[in-house]
Amino acid sequence: MTPPSNLPHARTSELLAKLTTDEKIALLSGAGYWRTVGLPDHGIRAMTLADGPHGVRAVSADDHLGTSNAATAVCFPTASALSCAWDTSLARTHGTALAAAARLAGVDVVLGPGMNIKRTPLGGRNFEYLSEDPYLTGRLAAAVVAGVESGGVGTSLKHFAVNNQEYDRFTVSAEVDERALREIYLRGFEIAVTEGQPATVMSAYNAVNGVPCSENPWLLTEILREEWGFEGLVVSDWGAVRDRVAALKAGLDLEMPTSQGLGAGALRDALESGRLSEGDVDRAAARVIELSARLTREDRPEPATSQAELAGIARTIAQQSIVLLRNERETLPLKRSGTVALIGEFAERPRFQGGGSSHVQVASFATAREEIGRFLAPEHVRYARGCEGEHVDRALLDEAVTAASQADVALLFVGLTELTESEGFDRETLSLPASHLALIDEVSAVSPRTVVVLHKGSVVDVAAWHDKVDAILDLNLGGQEVAAAALDIIFGEVNPSGRTSETVPLRLEDTPAYLDYPGGLRRAHYRESVWVGYRYYDGRKLPVAYPFGHGLSYTDFEYTAPRATVHEDESVTVEVTVRNVGERDGFEVVQVYVRDDASAVARPERELRGFSKVWVPAGRSVTVYVELDRRDFAFWDEYRHRWAIESGSFTIEIGSSSRDIRARTDVELAGDAPTAEIIDRHTPVRYFLHDPEFAARIRRFVSAYPMFGGDFDALPPLAQRIVTETVGGMPLEKLRLVSAGAFSEDDISAAISRLTAG
């Protein structure tokens with residue numbers, strides 16, 4: 001939780017009373033690009049904000065782009081990599097390291113974590129976001145927030161909300177149904193806010209259902225503050241405010257960066273005209289004052305971590321995040337003998353971070369070409385660049401083929417370049433660059449064994465070359481130490497334990513948003529609704545390259561003795577025994593999914609509701625416990641505008657991916673009501689047939705009615721089915737019209753009363 005301010009609300013009120021209206025208004029806009037306004041005569045210190053999802057980018061207050069004079073800092077793995085660790089403890093460690101880096105750089109608030117859902121793999125900023133799943137996203141983000149804020153530094157959850165594409169990001173409206181908003185696009189934010197209470201939340205550029213996020217009272221006040229209990233400050237994304245008055249009234253406190261007086265002028269005019277009250281200004285100014293006071297506390301812990309220690313943490317996170325996708329013929333780990341061909345420009349200049357506002361200036365970074373010296377003597381390594389950029393260079397390609405043909409194994413360092421994915425634009429394809437595809441093609445044709453080492457911020461098409469190579473190691477964008485971490489895994493110093501945090505499809509055409517991305521006429525229609533990521537692929541039984549949650553290890557695990565205990569409040573404790581049946585110690589990621597066995601609404605085949613990363617020594621067993629909250633069994637009821645849990649049976653699936661379920665168990669919940677169906681005069685008759693008295697009357701009516709053939713029992717089976725479906729689908733009120741008096745108005749009302757009474 002956010003540490004309390006050392007400036008009590010009463011003290012804030014006293015301070016506000018001493019400020020002029022102009023001084024209060026001044027607090028509501030940036031003093032420059034990265035600093036807030038300070039009023040030192042009143043003891044209000046200016047705050048420094050900096051991009052910081054995976055490393056602090058501290059720059060001068062008037063540097064617009066934020067790259068030209070940024071001080072060097074440690075670059076940690078991006079969110080796309082961190083999420084593959086599936087480890088909340090590690091995410092908290094990441095947060096504490098970010099806090100230490102921020103304190104060393106004099107930064108008060110780091111602008112992160114980024115936690116929008118990966119609706120389409122084409123999203124140019126997907127490397128900054130955690131997952132396609134809201135539960136995994138929310139739990140990891142909450143842990144990062146807790147870690148950062150424990151170090152006396154604020155965070156900024158971004159981008160709130162439904163910011164899933166770079167195309168037209170300043171003007172597009174995400175058109176999303178209420179259920180998808182609640183279950184998919186807001187759920188992760190809800191978890192992070194309620195569990196972590198971040199210092200700030202950043203509103204997005206885009207609109208949601210026609211209302212700009214920065215001017216959206218439903219998002220910023222009703223949901224964020226009144227429903228979730230957020231107590232911090234709402235800040236705009238840089239330049240996201242269109243109407244400063246509407247934004248303030250909606251709940252946006254701080255406009256960033258400076259608007260050169262335009263925002264302040266609009267607020268003054270609105271006060272004079274009565275569009276705003278002094279209370280509106282005071283409320284926002286108080287939040288700025290209290291955050292400044294909190295971040296000036298004398299008891300804030302001092303950063304005791306050096307740059308070298310931070311780099312070590314970055315390496316540990318990278319090690320735990322790397323995913324071994326494929327490992328045929330036990331190609332990995334490599335023996336420390338024989339000859340290795342090190343191929344690809346990324347072996348010498350690794351791509352370890354994304355482009356755009358989160359770019360970190362680093363003092364140094366590890367390279368595979370240097371790190372391999374820890375495992376092999378120079379005479380056993382053949383290096384070939386293989387390519388330069390995205391276009392095929394025949395001479396460089398020939399050198400790579402020659403090196404591969406002279407080695408026992410080829411390590412191919414390939415992936416996406418900064419020209420392919422970055423903030424500001426979306427990707428156009430899932431394919432690797434032509435030069436990298438050519439390398440895979442020609443090297444795999446001559447090499448006895450080929451290992452592909454992938455650098456990228458989102459999923460890529462592997463289907464075209466998957467079967468040509470022996471092993472695939474997915475680094476994502478793993479920070480400045482990722483090359484060292486990769487070599488640790490390649491040569492067996494570390495047992496891989498990463499798991500995919502987004503599904504790897506076979507084709508772009510298979511992706512859920514394919515027909516509706518990127519939209520047009522300033523509208524992006526989310527017609528896939530809740531069927532995002534694995535919910536879509538698993539529901540349609542589509543073949544995929546790699547499922548959500550997939551990852552290999554150098555050992556094997558067995559799952560036994562699944563059990564689920566339902567508590568009085570209908571929370572559930574899930575337990576399972578995991579045994580390491582291999583010869584190496586290692587981590588296993590236990591994933592818990594929930595399925596509603598019979599629902600009145602369409603629900604996914606399974607939904608992630610818990611996970612635990614556990615260390616299991618070889619030959620040993622560990623009992624894993626995962627706690628499920630009552631809400632983990634709910635869906636969003638769009639008719640009643642609330643979370644609903646249906647009574648009945650739920651299957652709990654425990655596995656190593658969404659398609660590798662190792663154990664199952666069932667629970668029965670009383671839930672909220674016997675059915676989630678809308679119960680009124682228009683409800684189909686079939687929803688009333690569980691009432692014995694009503695069902696008997698329906699049967700007598702059907703048997704006596706000539707239209708249905710008279711004697712129901714004498715009808716052939718197909719005719720009985722037709723009659724049953726016809727009557728069952730009839731609105732309840734129609735019985736009064738067609739039954740020739742068999743059902744009266746009182747009968748209809750009584751049936752509704754009995755069913756709604758439960």
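All heavy atoms count here, side chains included; hydrogens, waters and symmetry mates do not. Throughout, residue positions are numbered sequentially from 1 according to the sequence presented.
Side-chain polar atoms of S501 and S131 form no donor-acceptor pair below 3.5 angstrom. In summary, the side chains of Y517 and D426 do present a donor paired with an acceptor at a separation below 3.5 Å, with no hydrogens or angles considered. Side-chain contact check for T450 and S444: no donor-acceptor pair (N or O, by modelled atom type) lies under 3.5 Å. In this model, a donor atom of one side chain and an acceptor atom of the other lie less than 3.5 Å apart for D538 and S658. For R427 and T120, the side-chain atoms include no donor-acceptor pair closer than 3.5 Å. Judged purely by distance below 3.5 Å, without hydrogens or angles, the side chains of R522 and S173 never pair a donor atom with an acceptor atom. At a cut-off of 3.5 Å, with distance as the only test, a side-chain donor of Y593 or Q591 sits close to an acceptor on the other residue. A side-chain donor-acceptor contact under 3.5 Å links S497 and Q320. There is a side-chain donor-acceptor pair under 3.5 Å between T417 and T420.
For Y537 and F548, the distance between ring centers is not under 6.0 angstrom. Taking the six-membered ring for Trp and the full ring otherwise, the centers of Y167 and F425 sit at least 6.0 Å from each other. Note: Y534 and H550 fail the aromatic proximity criterion, with ring centroids not under 6.0 Å apart.
Residues P505 and V459 meet the side-chain proximity criterion, which asks for heavy atoms closer than 4.5 Å. Side-chain contact check for P53 versus T78: every heavy-atom pair is 4.5 Å or farther apart. At least one side-chain heavy atom of L608 sits less than 4.5 Å from a side-chain heavy atom of L136. The shortest distance between side-chain heavy atoms of E183 and P134 does not fall below 4.5 Å. At a threshold of 4.5 Å between non-hydrogen side-chain atoms, the residues V592 and F611 do not count as touching. Counting only heavy atoms from C-beta outward, the side chains of L475 and V453 approach each other to under 4.5 Å. Between L397 and L439 there is a side-chain heavy-atom pair separated by less than 4.5 Å. Contact annotation: the side chain of V144 approaches that of V148 to within less than 4.5 Å [non-hydrogen atoms, C-beta and beyond].
With W238 as the fixed residue, the ring pair (Phe, Tyr, Trp, His ring centres under 6.0 Å) test singles out one of Y205, W34, F170: W34.
D441 and K468 are joined by a salt bridge, as a carboxylate oxygen and a charged side-chain nitrogen come within less than 4.0 angstrom of each other. Using a cutoff of 4.0 Å between basic side-chain nitrogens and carboxylate oxygens, E605 and R535 are not scored as salt-bridged. The pair R139-E195 counts as a salt bridge, with a side-chain nitrogen and a carboxylate oxygen less than 4.0 angstrom apart. E421 has no carboxylate O lying under 4.0 Å from a charged side-chain N of K456, or vice versa, which leaves the two without a salt bridge. The residues E175 and R527 are annotated as not salt-bridged, no charged nitrogen and carboxylate oxygen being separated by less than 4.0 angstrom. Between R385 and E348 there is a salt bridge, since a side-chain N of the basic residue sits under 4.0 Å from a carboxylate O of the acidic one. Between E423 and R169 there is a salt bridge, since at least one side-chain N of the basic residue sits less than 4.0 Å from a carboxylate O of the acidic one.
In this structure, H436 and F346 have perpendicular ring planes: the angle between them is above 60°, well past the 30° mark. Ring pair F352/F365 is tilted by interplanar angle, where 30° to 60° counts as tilted. Between F413 and H455, the two ring planes are tilted [angle within 30° to 60°].
With hydrogens and angles ignored, the 3.5 Å screen pairs a side-chain donor or acceptor of T200 with a backbone N or O of T155. Although no hydrogens or angles enter the test, the distance criterion places no donor-acceptor pair under 3.5 Å between the side chain of Q361 and the main chain of T72.
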Checklist entry - What's the verdict on salt bridge (Lys or Arg N to Asp or Glu O under 4.0 Å) for R119 and E528, showing C-alpha distance, side-chain angles and the deciding distance? => result CA-CA 10 Å; R119 178 192 179 221; E528 70 279 3; 2.5 Å; yes

Item to check | CA sep, side-chain torsions, deciding dist, call: E607, R595, salt bridge (Lys or Arg N to Asp or Glu O under 4.0 Å) | outcome: CA-CA 7 Å; E607 296 180 274; R595 183 180 72 238; over 6 Å; no

Checklist entry - Does the ring pair (Phe, Tyr, Trp, His ring centres under 6.0 Å) test come out yes or no for Y546 and H466, once each step is laid out? => result CA-CA 11 Å; Y546 292 107; H466 176 276; 5.5 Å; yes

Item to check | Worked check of side chain to side chain contact (heavy atoms under 4.5 Å, CB included) between N164 and Y185 | outcome: CA-CA 9 Å; N164 309 113; Y185 297 102; 3.7 Å; yes

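Taken from CG in L552 to CG in N327, the straight-line distance is 6.5 Å, to the nearest 0.5 Å. Residue Q319 holds its CD atom at 11.0 Å from CG of L487, rounded to the nearest 0.5 Å.
Here the closest non-hydrogen pair linking I440 and V469 is CG2-CG1, 4.0 Å.
Counting non-hydrogen atoms of neighbouring residues, nucleotides and ligands closer than 6.0 angstrom, the CD atom of E428 reaches no more than 12 such neighbours.
Geometric assessment of K118 against the ring of Y129 yields a negative cation-pi assignment under the 6.0 Å and 45° thresholds. At least one cation-pi condition fails for R187 and Y135: the charged atom is not both under 6.0 angstrom from the six-membered ring centre and inside a 45 degree cone around its axis.
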